[in-house]
Amino acid sequence: MLVNSKKILKDAKKNKKAVFQFNINNLEWTRCILEKCDELQVPVILGVSESAIKYMGGYNVVASLCYSLITDLNIGIDVCLHLDHGSSLKNCIEAIDAGFNSVMIDGSKLPFNENVELVKDVVLYAKNNDVSVEAEIGSMGAINQNQLSLGINTNLEDCLKFVAETGIDSVAASVGTVHGIYKGELNIDYKLIKNLADNLTIPLVLHGGSGLENAILKKCVESGITKININSDLQAVWSQSIRKFIKENPNIIDPRKIIGSGFEAIKKEIASKININK
Ligand code: 13P
């Protein structure tokens with residue numbers, strides 16, 4: 001069933017478990033995530049970036065794809081369709097109108113007050129449509145050619161003020177992770193995670209979950225993270241499998257066989273991540 005993220009995350013926060021957001025890129029990706037999470041009987045958040053939405057054709061395409069797969073595959077778990085890093089009120093409205101259950105509005109690059117005002121407008125529209133809202137405060141670091149530039153970690157007072165003033169349902173804080181696969185040592189601030197989680201009533205979201213060993217993800221959850229976003233790790237295992245398949249089978253041209261040769265790798269990676277809840 002498609003639901004907003006509030007209920008899924010509330011239960012997880014209470015039980016100190018992680019809910020994963022896996023980002024989707026196409027039909028096959030979505031299908032793999034739904035089937036594996038349904039097999040494991042865990043709720044899942046399907047994250048879709050604006051660029052992935054553009055790639056697939058638009059908000060309505062993505063929503064119909066997810067709704068139809070859930071029906072035709074008899075998916076019984078709770079699934080939340082979530083706009084990842086929405087960049088404007090307009091795009092959040094488009095997602096909500098198309099049937100997304102949750103949106104993230106990312107105004108983290110704006111000055112505090114402007115971020116608050118933008119998020120408040122999104123919350124107003126979302127609440128009227130029973131859609132949950134995630135927003136970000138602080139600024140995440142970035143990686144470029146495996147070089148790490150540090151971000152600015154979220155400040156507790158600012159975060160509490162931000163949550164109180166905006167009325168959001170979950171908050172993405174900068175705690176030392178970066179988007180993408182960074183192989184070096186990251187300086188994750190577990191104390192900050194704990195401090196934020198202990199003082200917040202809403203769930204805390206970890207962006208940039210790829211490239212982190214399960215023990216680190218587990219430590220983040222034990223410290224107070226409720227939602228973990230994973231994108232690059234699935235892309236990495238899928239593309240490795242495809243490359244191997246094409247090399248070993250140069251005469252196969254059936255796209256279903258080529259694309260499908262990456263399914264098991266995606267499913268295995270999903271199962272391995274979910275294992276941290278055990
Ligand atoms: P990764 O690509 O590092 O998994 O980050 C995903 C993410 O945070 C999406 O919002």
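For ligands, and for the atoms within them, numbers begin at 1 and follow the listed sequence. Atoms considered below: every heavy atom in the structure, side chains included; atoms not considered: hydrogens, waters and symmetry mates.
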For the residue pair [X] and [Y], what are the closest heavy atoms and their distance?
| X | Y | value |
| --- | --- | --- |
| Val103 | Val131 | N-CG1, 4.0 Å |
| Cys220 | Ile193 | O-CG2, 3.9 Å |
| Leu186 | Val178 | CD2-CG2, 4.1 Å |

For [atom], find the nearest protein heavy atom and state the residue, atom name and distance (0.1 Å precision).
| atom | answer |
| --- | --- |
| atom 1 (P) of ligand 1 | Ser210 OG, 3.4 Å |
| atom 7 (C) of ligand 1 | His179 CD2, 3.3 Å |
| atom 10 (O) of ligand 1 | Asp84 OD2, 2.7 Å |
| atom 8 (O) of ligand 1 | Gly208 N, 2.8 Å |

Indicate yes or no: does an N/O atom of Asp233 lie under 3.5 Å from an N/O atom of ligand 1?
no

Under 4.0 Å from a heavy atom of [X]: which atoms of ligand 1 are those, numbered in the order shown and with their elements?
| X | answer |
| --- | --- |
| His85 | 10 (O) |
| Asn229 | 4 (O), 6 (C), 7 (C), 8 (O), 9 (C), 10 (O) |
| Val178 | 3 (O) |
| His207 | 8 (O), 10 (O) |

In terms of side-chain heavy atoms, does Gln235 have a donor or acceptor partner in Asp233 at a distance below 3.5 Å?
no

Check: Asn195/Tyr190 side-chain N/O donor and acceptor closer than 3.5 Å:
no

Check for me whether Lys257 meets the cation-pi criterion with Phe245, that is, NZ or CZ under 6.0 Å from the six-membered ring centre and within 45 degrees of the ring axis.
no

Between Lys267 and Glu35, is the closest basic N to carboxylate O distance under 4.0 Å?
yes

Below 4.0 angstrom, N of the basic side chain to O of the carboxylate: do Lys244 and Glu248 qualify?
yes

Please confirm whether [X] approaches ligand 1 to less than 4.0 Å, judged on its heavy atoms.
| X | result |
| --- | --- |
| Ile230 | yes |
| Gly47 | no |
| Thr177 | no |

Considering Gly180, Ser232, Gly211, Ala172, which one's heavy-atom position lies nearest to atom 3 (O) of ligand 1?
Gly180

Distance (rounded to the nearest 0.5 Å) between His82 NE2 and Ser132 OG:
7.5 Å

So for Met104 against ligand 1, with non-hydrogen atoms under 4.0 Å, the contacting part is neither

